[in-house]
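Input: a single structure, listed below in structure tokens.
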There are 2 protein chains.
Amino acid sequence: MATGRKSTGSKAAAPVAPAGVVTLEMVAEEAGVSPSTVSRILNGTAKVRESKVRAVRAAISKLQFQPNPVARSLARGRSMSVGVIIQTIDSPFYGEALAAIEKGLFRAGYSVLFLSGHWREDDERRCVEHLLARRVEGIILVTSCLPDAELVRLTRTVPIVLTGRSIEAERSYSMDADSTPGARLATEYLIGQGHRKIAFIAGPANHPDSQQRLNGYKAALANAKIPFAAKLVVPGDYSDAGGHLAMNRLLDAKAEFTAVFAANDQTAYGAMLALHRRGLRVPQDVSIVGFDDLPTSSYIIPPLTTVHRSIHEVGEAAAEAMIDLLDGRVPVSKLSTATLAIRESTRSVRY
Amino acid sequence: MATGRKSTGSKAAAPVAPAGVVTLEMVAEEAGVSPSTVSRILNGTAKVRESKVRAVRAAISKLQFQPNPVARSLARGRSMSVGVIIQTIDSPFYGEALAAIEKGLFRAGYSVLFLSGHWREDDERRCVEHLLARRVEGIILVTSCLPDAELVRLTRTVPIVLTGRSIEAERSYSMDADSTPGARLATEYLIGQGHRKIAFIAGPANHPDSQQRLNGYKAALANAKIPFAAKLVVPGDYSDAGGHLAMNRLLDAKAEFTAVFAANDQTAYGAMLALHRRGLRVPQDVSIVGFDDLPTSSYIIPPLTTVHRSIHEVGEAAAEAMIDLLDGRVPVSKLSTATLAIRESTRSVRY
DNA sequence: GCAACCTTGGAAAGCGCTTTCAAAAGTAGC
DNA sequence: GCTACTTTTGAAAGCGCTTTCCAAGGTTGC
């Protein structure tokens, strides 16, 4: 620990590096072997006589040697880092995915570079550039905004894993956990509770995932022979504020409905507040179900019935898939199915 | 774009690198200068004849050259990356800080390595090790769990910036945005509304920040000459679940109170739900104020009155401080003061 | 005891950049 | 036109590892 070591070496003192950084070469000298041998022991790339192995190990722990990953990267031509592009790093939803991705890749020895695209194509493109410049070995794109063609082109440079969409390309893996079934599940639950006039607050129109939620909603209606009413569908933007606005719009238009399916939980929160402000109670006057099952959704009042899909699992799977891709394996798909977390924001209107 | 370029070089074809990676040497050859010159132009480390500059620039854009940061790091002995340790990457609160930190450092050309310590000393220690092994140039610790002495020791290796606590050390910067004033503000607001029996749901006991919130609460009481009642203080853990539990405990103990100050917003959410379950209304029966002002806090029912402190600013400041430290400057402190976001979870009990 | 072979380990050449050192080229001054 | 500088540029030596290539050391067999 102390800066001034004495009586360390046997012959010439090693050239003292700036901040006491220990190099492989110093280890080699200390152990009385060549650098190559140390390297071989470190990487297990060849057999080394037991006695030398011991000497080197001793030297390593004596000197507290830690191989410099930068040098290693350069020599191996591998950066041991992967990039992750997310839209908003501060979303409660994606945060969880991030945590899982970080954990998975960390364990495999990769460093993770996070960048946020802010739902803007240009920003995202810039992020990709930066990551490539940083020589990441792969990129995980959590709900990318980039056009398909561009993503496909990207796979020619690095393997990519995509969540929330799907492309056809060699070194890529799409984990398009289709939201349609989940949305359908939610809507069917509402129908099962006797609701016929069910409003839908959608997500951003350009977002494929958001489209799927709409489709699920439609499918459930169709299946129950309930005519689709365009006026019961209002646009939102996946935010609390958007949900609030949308609900107000619905109410102002005097739309008739006994239940609402919100494209995500935050939208539901906003909608619930708008309802509350107009003196309408959930679930007595209107039932509402969300999508995503944010951690707080079980703690709001009333606790929200919502479609649950383990985003943590998605993150884990993304990390695994990336590791597979990097190791030249073909990732095996394993999708988790959506379930409905039934809580207290809906009521049956059966008679 | 196409893989097969033809008629590129003048003399011998450059050794085609694996994946069409362009090196500085290739640029040099293309431009008819030496590698040193290209490097100098890239870094502006010396004057170069205008004509050569143009030739090199042309070559660079023709070849789409991007310097390899790994090689650069090795040569310069600087990794151009900084580590950020956060406790839970998926907390809505820290997410925002992360976003700001990422942005600030990104602009300065640094890459950011995020790691989560999960509020566990050991995990955090391991994160530090990993970051050091990765040769980060500095570490930002967002609410660290590590003992002071260890942090001080760490500064001997890399500069660090700390949020939520404070140490005395040379190459460090503590942004201990003391929570005491904010907590006091919240409590005083409640007192100003006529409340005398104010409960406090605390955060994790070992956490300095949590301690500060308690102190602020006590200070406000003392200032108003309201005796401190130990039974009105229950422990929580900064989570929804903890708040829920704590409120139940309070209620079960038949504690008398007309208002609650929760150590953070999530705690408040949980507490509100517990209240709701017992048929107590907010704010009619009990007033509640939180701390942190999470984005959803303005959308829950009723919208939560809470202490607002721009965590985004904290993140920005942390990034700036780190850059200052890395450039050998002494960071200038700039604290943002806490304000109270007054919403609808409290009512006056003045007569 | 020596040829033929397998195992170990060292020397040295990179990886792609930066940076020092010194030579080449340009500029001034007389 | 030649000397004395100053600027511009290239050659080469790293940065700390990995890895190829080859020699030394050991084994085995006859």
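To find a chain, count down the sequence lines: A is the first, B the second, and so on, and within it residues start at 1. Just so it is clear, the model here is predicted, and its values are computed rather than measured.
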Practice item. Check the pair A/Glu170, A/Thr155 against side-chain hydrogen bond (donor to acceptor under 3.5 Å, both in side chains), reporting the backbone distance first and the verdict last. Key: CA-CA 7 Å; A/Glu170 199 57 41; A/Thr155 63; over 6 Å; no
Study note, to complete from the structure: Residues passing the side-chain hydrogen bond (donor to acceptor under 3.5 Å, both in side chains) test with A/Ser73, sequence neighbours excluded, are none
**Study point:** Set of salt bridge (charged side-chain N to carboxylate O under 4.0 Å, His left out) partners for A/Glu313, sequence neighbours left out
**Key:** none
Revision key, fill the gap. Here the distance between atom C1' of D/dG16 and atom CG of A/Leu63, to the nearest Å, is 15 Å
Review point. If we fit an axis to the first five pairs and another to the last five of the helix from C/dG1-D/dC30 to C/dC30-D/dG1, what angle do they make, to the nearest 10°?
Key: 40°
Revision key, fill the gap. ring-ring contact (aromatic ring centres under 6.0 Å, His included) pairs touching residues 49-83 of chain B, sequence neighbours excluded, are none
Exercise for review: Let me know the distance between CZ of A/Arg135 and P of C/dC15, rounded to the nearest Å.
Suggested key: 14 Å
**Study point:** Partner residues of B/Glu320 under the salt bridge (charged side-chain N to carboxylate O under 4.0 Å, His left out) criterion, sequence neighbours left out
**Key:** B/Lys334
Exercise for review: May I ask you to evaluate whether B/Asn43 reaches the phosphate of C/dT18, defined as a side-chain N or O under 4.0 Å from OP1 or OP2?
Suggested key: yes
Review point. What's the CD1-P distance between B/Ile41 and C/dC17, to the nearest Å?
Key: 14 Å
Exercise for review: Grab the CG-P distance between A/Leu24 and D/dT19 for me, whole Å please.
Suggested key: 12 Å
Practice item. Please assess A/Val314 against A/Glu96 for the test side-chain contact (heavy atoms from CB on, under 4.5 Å), listing each intermediate value before the final yes or no. Key: CA-CA 9 Å; A/Val314 172; A/Glu96 230 185 301; over 6 Å; no
Revision key, fill the gap. Contacts of A/Ser34 meeting side-chain hydrogen bond (donor to acceptor under 3.5 Å, both in side chains) (sequence neighbours excluded), chain-then-number -> A/Ser36, A/Thr37
Please set out all donor-acceptor pairs under 3.5 angstrom arising from side-chain atoms of residues 44-60 of chain B, sequence neighbours excluded.
unit_1	atom_1	unit_2	atom_2	d
B/Glu50	OE2	B/Arg54	NH1	3.3

Point to revise | salt bridge (charged side-chain N to carboxylate O under 4.0 Å, His left out) involving B/Arg76 - partner list, sequence neighbours excluded | key: none
Point to revise | Protein-nucleotide distance (B/Glu29, atom CD; C/dG16, atom P), rounded to Å | key: 14 Å
Practice item. May I have the distance from A/Phe65 (atom CZ) to D/dG16 (atom P), rounded to whole angstrom? Key: 10 Å
Exercise for review: Would you mind building the protein contact string for nucleotides 6-13 of chain D? One character per nucleotide, 5' to 3', B for base within reach (heavy atoms under 4.0 Å), S for sugar-phosphate only, - for untouched.
Suggested key: --SBBBB-
Practice item. Give one of base, sugar-phosphate or nothing for B/Pro69, where a contact means two heavy atoms less than 4.0 Å apart. Key: nothing
Review point. Tell me the salt bridge (charged side-chain N to carboxylate O under 4.0 Å, His left out) pairs involving residues 110-121 of chain A, sequence neighbours left out?
Key: A/Arg120-A/Asp123, A/Glu121-A/Arg125
Exercise for review: Figure out the CD/P separation between B/Glu25 and C/dT18, and round it to whole Å.
Suggested key: 13 Å
Check your understanding: Which parts of residues 71-82 of chain A get close to DNA chain D, meaning a heavy atom less than 4.0 angstrom away?
Key -> A/Ala71, A/Arg72, A/Ala75, A/Arg76
Practice item. Report the residues that fulfil salt bridge (charged side-chain N to carboxylate O under 4.0 Å, His left out) with B/Arg107, sequence neighbours left out, ordered by chain and then residue number. Key: none
